[in-house]
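The structure appears below as structure tokens.
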Amino acid sequence: MGLLLLVTTSFLLTVASSLRDVPRSSCSSKDKVDELHHLNSSGIHFTLHHPRSPCSPAPFPTLSFSAILSHDDARVRSLAARLRNTTLAPSRSSLILHPDAASIPLSSGTSVGVGNYVTRVGLGTPVKSYVMVVDTGSSLSWLQCSPCRVSCHSQVGAVFDPAASATYRSVSCSAPECHGLLSATLNPSSCSVANVCIYQASYGDTSFSVGYLGKDSLSLGSTRALADFVYGCGQDNEGLFGKSAGLIGLARNKLSLLSQLGPRLGHSFSYCLPTMASTGYLSIGSYNPAQFSYTPMVSSSLDDTLYFVRLTGVTVGGKNLPVRASAYTGTPTIIDSGTVITRLPPDVYAALSNAIVAALKRYKRAPAYSILDTCFRGTAKASAVPAVNMVFEGGATLKLAPRNVMIDLDDATTTCLAFASAGRVAIIGNRQQQTFNVVYDVAKSRIGFAAGGCS
């Protein structure tokens with residue numbers, strides 16, 4: 001469980017795309033129609049938006065690509081610190097929620113990043129709609145709640161008012177959900193003087209949410225999905241959350257939305273992370289198994305809530321990289337929708353970089369940019385980027401398109417290899433996952449990939 005909050009940008013960390021993928025003003029009236037949620041006995045279907053899409057219901061502030069990479073690197077360094085069983089210096093020593101809350105010490109967790117895929121959910125009675133980021137690396141769901149006793153960031157729409165919901169209930173300090181917060185957030189729970197459970201979700205980039213644990217009715221479209229959805233009602237929410245109302249967690253913990261819906265819909269979910277030019281989806285419940293090739297989820301003592309896989313090979317132009325098999329297996333690997341840049345084991349990354357340099361030798365090299373050290377003059381689209389495949393145990397393969405391999409910088413004159421060298425953990429990031437169907441079948445302990453999920 002030690003890694004959970006280190007990946008809590010699982011969709012929260014910026015999904016980096018070229019800012020030139022789609023004009024900011026190109027969203028059609030059809031695209032702007034609120035997404036529909038389909039709920040039946042087989043599952044739930046959400047629409048996902050890229051954070052920088054002009055069609056996103058909660059667009060994130062425009063940030064430079066260097067800022068995106070800086071947060072990406074901070075998140076991964078925070079993850080490495082967790083793997084060493086160390087903690088980062090907390091951003092605050094305590095936080096007090098008045099008038100009926102106790103002092104809450106904050107410990108460091110993960111970097112949240114600067115953007116994420118977002119969708120809408122309905123909460124409370126009467127139902128009101130809220131834009132939420134979706135995070136496979138986080139367990140506890142939370143959203144901002146009035147009266148915002150300390151601080152709420154700017155969000156799209158009104159802040160949720162629990163007093164206005166006929167079905168909202170506080171969770172007591174003795175409830176099992178309160179005791180489960182340590183495993184869900186890596187932070188201990190606290191108790192208010194009114195015996196209301198207090199959660200704290202803190203992140204390595206100093207972003208955090210602190211508030212009361214509650215239950216309410218969760219709705220999708222016109223259908224009630226959960227009568228007793230457990231989530232955090234945030235009273236102090238500060239950091240890089242964009243204009244979303246909060247976060248939906250999908251990690252393997254009993255407080256995640258996946259686990260809460262599991263008894264009704266099954267313990268699996270799938271998604272396609274879109275580019276800025278389109279929309280993707282998130283589905284919880286059944287899926288078409290014939291469409292995917294699978295790799296087993298790997299058990300790890302590092303954190304039993306995250307999704308570990310085993311990368312067994314990388315090919316460039318149809319040729320295996322010249323590294324030993326142990327170069328792949330010596331570093332634990334997770335798949336994470338929140339990390340932007342994929343981190344490969346050092347020897348694997350070095351071999352991939354050399355292969356890309358050889359394949360693009362006719363293009364002028366450009367200086368390294370932040371964590372990206374294999375850069376060229378030009379754009380990915382205008383370059384003869386070789387085919388790169390990532391092969392996993394069991395044969396599942398991500399056959400990467402040029403836009404999954406390279407990433408263009410803000411200046412529109414430089415493109416860089418969208419990979420970096422790993423430290424203590426390798427991470428399959430969202431740049432490589434974009435436009436693929438990815439299924440997490442927790443019940444069968446497998447992850448599947450299929451091409452052509454969205455554009």
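Basis for what follows: all heavy atoms, side chains included, without hydrogens, waters or symmetry-related copies.
- A heavy-atom distance below 4.5 Å is found between the side chains of Leu250 and Val134.
- Expressed to the nearest 0.5 Å, how far OG of Ser268 lies from CG of Leu258 amounts to 7.5 Å.
- Between the side chain of Asn354 and the backbone N or O of Ala350, at least one donor-acceptor pair lies under 3.5 Å.
- A donor and an acceptor atom, one from each side chain of Thr305 and Asn253, are nowhere located under 3.5 Å apart.
- Annotation: the span from Tyr130 atom OH to Ile248 atom CD1 amounts to 12.5 Å, rounded to 0.5 Å.
- For residues 269-294, the set of pairs meeting the salt bridge (Lys or Arg N to Asp or Glu O under 4.0 Å) definition, not counting sequence neighbours, is empty.
- Contact annotation: the side chain of Leu306 never approaches that of Arg252 to less than 4.5 Å [non-hydrogen atoms, C-beta and beyond].
- For residues 375-388, the set of pairs meeting the salt bridge (Lys or Arg N to Asp or Glu O under 4.0 Å) definition, not counting sequence neighbours, is empty.
- Screening residues 295-397 for disulfide (SG to SG under 2.5 Å) gives Cys375-Cys416 as the qualifying pairs, with residues at least two apart or on separate chains.
- Not counting sequence neighbours, Arg365 has no partner by the side-chain hydrogen bond (donor to acceptor under 3.5 Å, both in side chains) test.
- Although no hydrogens or angles enter the test, the distance criterion places no donor-acceptor pair under 3.5 Å between the side chain of Thr415 and the main chain of Met406.
- Rounded to the nearest 0.5 angstrom, Leu257 CG and Met132 CE are separated by 9.0 Å.
- Qualifying side-chain hydrogen bond (donor to acceptor under 3.5 Å, both in side chains) partners for Gln291, counting only residues two or more places apart in sequence or in other chains: none.
- Between the Gln200 side chain and the Phe208 main chain, no donor and acceptor come within less than 3.5 Å of each other.
- A distance of 8.0 Å separates OG of Ser183 from CG of Asp304, quoted to the nearest 0.5 Å.
- Using the six-membered ring where Trp is involved, Tyr294 and Phe292 have ring planes that are tilted, between 30° and 60° apart.
- Between the side chains of Gln433 and Tyr271, at least one donor N or O lies within less than 3.5 Å of an accepting N or O.
- Residues passing the side-chain hydrogen bond (donor to acceptor under 3.5 Å, both in side chains) test with Tyr349 are Asp373, Thr374, sequence neighbours excluded.
- Leu417 is not listed as a side-chain neighbour of Phe376, based on a closest heavy-atom distance of 4.5 Å or more.
- Inter-residue side-chain proximity for Phe229 and Leu123 is flagged as met; some heavy-atom pair is nearer than 4.5 Å.
- Contacts of Ser256 classified as side-chain hydrogen bond (donor to acceptor under 3.5 Å, both in side chains), with partners at least two apart in sequence or in another chain: Ser259.
- Atom-to-atom distance recorded for Thr315:OG1 and Leu321:CG is 7.5 Å, nearest 0.5 angstrom.
- The CG atom of Leu143 lies 9.5 Å from the OG atom of Ser141; values are rounded to the nearest 0.5 Å.
- Among residue pairs with one or both ends in residues 410-432, none qualify as ring-ring contact (aromatic ring centres under 6.0 Å, His included); sequence neighbours excluded.
- With contacts defined as side-chain heavy-atom distances shorter than 4.5 Å, the pair Thr312/Thr295 does not qualify.
- Ser300 places a side-chain N or O within 3.5 Å of a backbone atom of Leu302 that can act as its donor or acceptor partner.
- Judged as a salt bridge (charged side-chain N to carboxylate O under 4.0 Å, His left out), and not counting sequence neighbours, the contacts of Asp441 are Arg446.
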The test is side chain to side chain donor-acceptor pair (under 3.5 Å); show your working for Asn389 and Thr397 and say whether it passes. CA-CA 7 Å; Asn389 293 346; Thr397 302; over 6 Å; no
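- Here disulfide (SG to SG under 2.5 Å) pairs that include residues 417-455, with residues two or more places apart or in two chains, are Cys272-Cys454.
- Exactly one residue among Asn437, Leu282, Val439, Val438 makes a side chain to side chain contact (heavy atoms under 4.5 Å, CB included) with Ser270. That residue is Val439.
- Distance alone, capped at 3.5 Å, places no donor-acceptor pair between the Tyr440 side chain and the Ser445 backbone.
- Looking only at distances, no side-chain donor or acceptor of Arg149 sits under 3.5 Å from a matching main-chain atom of Pro147.
- Judged purely by atom type and a 3.5 angstrom limit, Gln434 has no side-chain atom pairing as donor or acceptor with the backbone of Leu273.
- The shortest distance between side-chain heavy atoms of Leu398 and Phe436 falls below 4.5 Å.
- In this structure the side chain of Lys444 never reaches within 4.5 angstrom of the side chain of Met297, judged on heavy atoms.
- Identified under the salt bridge (Lys or Arg N to Asp or Glu O under 4.0 Å) test for residues 382-393, with sequence neighbours left out: Arg310-Glu393.
- Between the side chains of Ser209 and Tyr199, a donor-acceptor pair is found at a separation under 3.5 Å.
- Sorted by first and then second residue, the pairs that involve residues 381-417 and meet ring-ring contact (aromatic ring centres under 6.0 Å, His included), not counting sequence neighbours, are Phe392-Phe449.
- Checking side-chain atoms of Tyr363 against main-chain N and O of Ala384 turns up a donor-acceptor pair under 3.5 Å.
- The closest side-chain donor-acceptor pair between Ser146 and Asp161 falls under 3.5 angstrom.
- Donor-acceptor pairing under 3.5 Å is recorded for the side chains of Ser337 and Thr136.
- No hydrogens or angles considered: nothing links the side chains of His153 and Glu238 as a donor-acceptor pair under 3.5 Å.
- Inter-residue side-chain proximity for Leu400 and Met390 is flagged as met; some heavy-atom pair is nearer than 4.5 Å.
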Is there a side chain to side chain contact (heavy atoms under 4.5 Å, CB included) between Leu352 and Leu344 once you walk through the steps? CA-CA 9 Å; Leu352 174 62; Leu344 294 174; 3.6 Å; yes
